[in-house]
Amino acid sequence: MAEEGYKPTAGMIEEAKRGLAWRREFNRGGTEVGVARARDISNGKNLPEETIRRMSSYFARHEVDKQGEGWSPGQPGFPSAGRIAWALWGGDPGKSFVETITTRLDKKEGRAMNLEIRTKTNAVECRECETRGILRGYASTFDEPYDMGRFDEVIAAQAFKRTLQEQPDILALVNHDSSKPIARTTNGSMRLIEDERGLAVEITPIGTTYAADLMEAVRSGVVNAMSFGFNVRADRFEKREGKITRIIEDVDLHEVSIVSFPANPATSIQVDVRSFEAWHRAQAPKRRTFLMLPEA
């Protein structure tokens, strides 16, 4: 990355100017942060990496807003508040711009290798399908060991407590595909609760074709697995019944997914085993150095 940052594209500049004009005309859409971002973009100001990361987070959270009324020309209420806010951040050109940059940065910094995925079968079912169409299940359960190859692993009780208290904006996806959001915590279409059993999930999917297809797949029993993506904040290792067990005690939760193919957690994503290797090295007996003194 150049010291001065990344220069916005012409498409981003056009979208930001459009967003500012809409906001002045309709007096809605976006926050002061979004307005400040639009001013920087419309003026062609170079964007530092920190800003690129914030933009990436914004687009990931608000992609689902495209499903709302007033997003497209010709719909009642166009431009909606969500459409105006989207433009303030550079619109679709801005989304493509930051995705390209963050992908390159993540690959360089190895961040993607730290993401872990865990899948649980028979974890989701359709409740009140004929009336409200609600999906309920568990993305994770506590203290149920699963084989990671070199060690067993369990999710400890309250592993999600901190991240849920921070009220993060979590998306529910189809097969971990960020282009197919079906719900989110911040608009109330998804609830996440850590109970005695695990991480309970309740989803009221949005009215998209792919969400309707997913509901039918769950209703029929063809799809019944849930998965979640996370980074580990705290873990430890111990021996249980002669086998090494990793206890995950605190995670940063990124998303939950309804998945078609339950995956072996050891192979579903590049599992971060550095903490295991560090623990293993610590268990090795320390070498002792003896000083041979000359005979008297």
Side-chain angles (χ1 to χ4, degrees), residues 1-23 29-68 71-72 79-117 163 166-187 206 208 229-231 252-257 269-270:
M1 181 187 72
E3 282 188 8
E4 63 274 15
Y6 300 89
K7 187 172 183 60
T9 65
M12 293 171 63
I13 293 173
E14 181 180 352
E15 271 287 290
K17 289 181 177 179
R18 181 180 295 119
L20 289 170
W22 275 341
R23 199 170 191 273
T31 64
E32 291 305 315
V33 174
V35 171
R37 188 74 62 240
R39 288 171 179 161
D40 287 345
I41 294 172
S42 62
N43 290 327
K45 183 178 178 180
N46 285 6
L47 306 172
E49 180 180 332
E50 181 181 1
T51 298
I52 295 295
R53 295 287 187 190
R54 290 176 179 172
M55 292 176 68
S56 178
S57 177
Y58 169 84
F59 287 124
R61 296 195 309 269
H62 291 275
E63 180 83 24
V64 71
D65 292 350
K66 290 184 175 182
Q67 310 303 326
W71 184 272
S72 301
S80 65
R83 178 64 183 91
I84 294 173
W86 188 265
L88 293 174
W89 288 77
D92 286 346
K95 180 175 182 293
S96 299
F97 176 78
V98 299
E99 282 180 349
T100 299
I101 295 172
T102 54
T103 297
R104 185 166 66 245
L105 291 171
D106 287 346
K107 184 176 181 180
K108 180 180 179 181
E109 298 171 9
R111 294 193 183 190
M113 304 299 285
N114 294 332
L115 180 68
E116 303 192 38
I117 300 289
T163 192
E166 293 173 356
Q167 298 183 327
D169 192 359
I170 304 296
L171 286 174
L173 307 175
V174 179
N175 289 318
H176 302 290
D177 186 346
S178 61
S179 69
K180 292 184 176 180
I182 59 173
R184 67 190 299 175
T185 54
T186 53
N187 74 350
I206 58 177
T208 59
F230 66 102
N231 289 114
D252 286 324
L253 182 64
H254 298 303
E255 49 92 1
V256 299
S257 286
I269 283 290
Q270 292 279 352

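Computation of the quantities below employed the complete heavy-atom set of this structure, encompassing side-chain atoms and omitting hydrogens, waters and symmetry-equivalent molecules.
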Contacts of Lys17 meeting side chain to side chain contact (heavy atoms under 4.5 Å, CB included) (sequence neighbours excluded), chain-then-number -> Ile13, Ser42
Looking only at heavy atoms, the pair that brings Phe59 and Gly94 closest together is CE1-C, 3.6 Å
Who passes side-chain hydrogen bond (donor to acceptor under 3.5 Å, both in side chains) against Asn46, sequence neighbours left out?
-> none
Please identify each residue that fulfils side chain to side chain contact (heavy atoms under 4.5 Å, CB included) with Thr9, with sequence neighbours left out.
-> Met12, Pro93, Phe97
Crowded around Glu166 CD? As in, over 12 foreign heavy atoms under 6.0 Å?
-> yes
Of all heavy-atom pairs linking Ala16 and Ala38, the shortest is CB-O, 3.6 Å
Which atom of Glu63 lies closest to which atom of Pro181, heavy atoms considered = CG-CG, 4.5 Å
Minimal non-hydrogen separation, Leu253 against Ile170, with atom names | O-CD1, 3.1 Å
Quick one: salt bridge (Lys or Arg N to Asp or Glu O under 4.0 Å) partners of Lys7, sequence neighbours excluded?
-> none
With sequence neighbours left out, what residues match Lys180 under side-chain hydrogen bond (donor to acceptor under 3.5 Å, both in side chains)?
-> none
Could you pull out all residues at least two apart from Asp252 that satisfy salt bridge (Lys or Arg N to Asp or Glu O under 4.0 Å)?
-> Arg162, Arg233
Could I get the full list of side chain to side chain contact (heavy atoms under 4.5 Å, CB included) partners for Asp169, not counting sequence neighbours?
-> Arg61, Arg184, Thr185, Thr186
Which pair of non-hydrogen atoms, one from Ala85 and one from Gly30, has the smallest distance, and what is that distance?
-> CB-N, 3.6 Å
Listed partners of Glu255 passing side chain to side chain contact (heavy atoms under 4.5 Å, CB included), at least two apart = Ile117, Leu173, His176, Ser257
What residues, two or more places apart in sequence or in another chain, satisfy ring pair (Phe, Tyr, Trp, His ring centres under 6.0 Å) together with Tyr58?
-> His62, Trp89
Sorted by chain and residue number, the side-chain hydrogen bond (donor to acceptor under 3.5 Å, both in side chains) partners of Glu99 (sequence neighbours excluded) come out as Lys95
Intermediate values then yes/no, side-chain contact (heavy atoms from CB on, under 4.5 Å), Ile101 and Met55 | CA-CA 11 Å; Ile101 295 172; Met55 292 176 68; over 6 Å; no
Which residue pairs pass the side chain to side chain donor-acceptor pair (under 3.5 Å) test with at least one member in residues 30-40, sequence neighbours excluded?
-> none
side-chain hydrogen bond (donor to acceptor under 3.5 Å, both in side chains) involving Arg83 - partner list, sequence neighbours excluded | Glu15
Check the pair Lys66, Asp92 against side-chain contact (heavy atoms from CB on, under 4.5 Å), reporting the backbone distance first and the verdict last.
-> CA-CA 11 Å; Lys66 290 184 175 182; Asp92 286 346; 3.0 Å; yes
Leu47 CG to Ile41 CD1 distance, which is reported to the nearest 0.5 Å = 6.0 Å
Check whether any side-chain N or O of Thr100 sits under 3.5 Å from a backbone N or O of Ser96 as a donor-acceptor pair, and report yes or no.
-> yes
Checking side-chain contact (heavy atoms from CB on, under 4.5 Å) for the pair Asp65/Trp86: CA distance, chi angles, key distance, verdict?
-> CA-CA 9 Å; Asp65 292 350; Trp86 188 265; 5.8 Å; no
